[in-house]
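Heads up, the thing below is written out as structure tokens.
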Amino acid sequence: MVVDEGSDEDVDRVFHALADSTRRDILRRCLRDELSVSRLAAAYPMSFAAVQKHVVVLERAGLVSKQRRGREQLVRSEPEAVGPARRALDELETLWRGRVDRMSSLLAQDRAPEDTDPTEGPDR
């Protein structure tokens with residue numbers, strides 16, 4: 001996988017942010033609508049400060065952005081931020097599928113002599 005250093009760090013931040021179920025839920029809520037941090041905090045059995053810390057992690061990963069509107073800070077999702085992480089997963093999937101295909105080919109080659117000559121084999 002050929003990825004420059006900066007994007008590796010970006011991908012790491014995205015995966016770290018998405019590793020927590022509360023942060024994934026906050027992100028889902030913000031995909032539907034811009035919400036204030038206080039409104040988000042009301043949805044969880046934790047302190048306002050704890051929810052605010054989750055939002056900061058999401059913001060550092062680029063998954064959300066905050067915008068001040070009056071006295072509130074509205075949190076909005078930034079869906080394009082998952083692009084580098086998606087590409088990293090796609091690259092890994094391509095590598096894994098290639099390996100599985102090669103193993104399947106090797107196994108098929110190992111079975112081929114038994115299939116072509118029924119008089120040979122361990123039971124004959």
Side-chain angles (χ1 to χ4, degrees):
M1 180 160 63
V2 179
V3 181
D4 65 49
E5 277 302 310
S7 66
D8 263 353
E9 291 171 8
D10 294 342
V11 169
D12 289 347
R13 278 191 289 274
V14 169
F15 284 132
H16 169 73
L18 295 175
D20 183 87
S21 63
T22 300
R23 289 193 288 266
R24 288 191 306 271
D25 190 62
I26 290 170
L27 188 58
R28 277 190 288 274
R29 289 171 188 266
C30 292
L31 281 167
R32 290 189 292 263
D33 194 16
E34 290 181 0
L35 299 170
S36 67
V37 177
S38 57
R39 188 162 173 205
L40 283 168
Y44 300 100
M46 61 182 75
S47 69
F48 175 85
V51 172
Q52 199 169 24
K53 286 179 183 181
H54 282 299
V55 171
V56 167
V57 172
L58 290 166
E59 191 175 26
R60 285 185 184 149
L63 293 167
V64 299
S65 61
K66 289 189 288 188
Q67 179 181 6
R68 184 162 290 286
R69 193 171 298 156
R71 292 180 54 202
E72 295 183 317
Q73 283 197 6
L74 296 181
V75 181
R76 104 173 38 152
S77 68
E78 302 291 345
E80 66 279 352
V82 297
R86 178 180 299 279
R87 285 189 292 280
L89 288 172
D90 288 345
E91 288 178 28
L92 287 172
E93 181 183 16
T94 299
L95 289 171
W96 288 334
R97 287 186 185 275
R99 288 182 179 183
V100 168
D101 290 345
R102 284 192 299 279
M103 282 188 351
S104 294
S105 294
L106 289 171
L107 289 171
Q109 288 173 3
D110 284 350
R111 279 185 248 150
E114 291 176 15
D115 295 341
T116 56
D117 188 0
T119 61
E120 293 183 10
D123 295 338
R124 309 255 183 237

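Since we're looking at a predicted model, the values are computed, not measured. Hydrogens, waters and symmetry mates play no part in the numbers below; they use all other heavy atoms, side chains included. Numbers for residues simply follow the sequence, beginning at 1.
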Taking ILVMFWY side chains as joined if any heavy atoms are under 4.5 angstrom apart, and letting links pass through other members, which residues group with Leu40? Val14, Leu18, Ile26, Leu27, Leu35, Val37, Tyr44, Met46, Phe48, Val51, Val55, Leu58, Leu63, Val64, Val75, Val82
Report the residues that fulfil side chain to side chain contact (heavy atoms under 4.5 Å, CB included) with Ser21, sequence neighbours left out, ordered by chain and then residue number. Arg24
Results of side-chain hydrogen bond (donor to acceptor under 3.5 Å, both in side chains) for Arg97 - residues two or more places apart only: Glu93
Taking salt bridge (Lys or Arg N to Asp or Glu O under 4.0 Å) as the test, write out the residues that go with Glu59, two or more places apart. Lys66
Report the residues that fulfil salt bridge (Lys or Arg N to Asp or Glu O under 4.0 Å) with Arg86, sequence neighbours left out, ordered by chain and then residue number. none
Between Asp10 and Arg13 (salt bridge meaning N to carboxylate O under 4.0 Å), is one present in this structure? yes
Selection residues 30-50 - residue pairs positive for salt bridge (charged side-chain N to carboxylate O under 4.0 Å, His left out), sequence neighbours left out: Glu34-Arg69, Glu34-Arg76
Partner residues of Glu80 under the side chain to side chain contact (heavy atoms under 4.5 Å, CB included) criterion, sequence neighbours left out: Glu78
Ser38: partners by side-chain hydrogen bond (donor to acceptor under 3.5 Å, both in side chains), with sequence neighbours left out: Ser36
Return the minimal non-hydrogen interatomic distance between Ala81 and Ala61, and the atom names on each side. CB-O, 4.3 Å
List in chain and number order the residues that pass side chain to side chain contact (heavy atoms under 4.5 Å, CB included) with Asp20, two or more places apart in sequence or in another chain; answer none if no residue qualifies. Thr22, Arg23, His54
Excluding Val57, membership of its hydrophobic cluster (Ile, Leu, Val, Met, Phe, Trp, Tyr; side-chain heavy atoms within less than 4.5 Å) reads none
Arg99: partners by salt bridge (Lys or Arg N to Asp or Glu O under 4.0 Å), with sequence neighbours left out: none
Find the distance between CG (Asp12) and CD (Glu9) and round it off to the nearest 0.5 Å. 7.5 Å
For Met103, the rest of its hydrophobic cluster, which grows through side-chain links under 4.5 angstrom: none
Where do Ser77 and Cys30 come nearest, in terms of heavy atoms and distance? OG-O, 3.6 Å
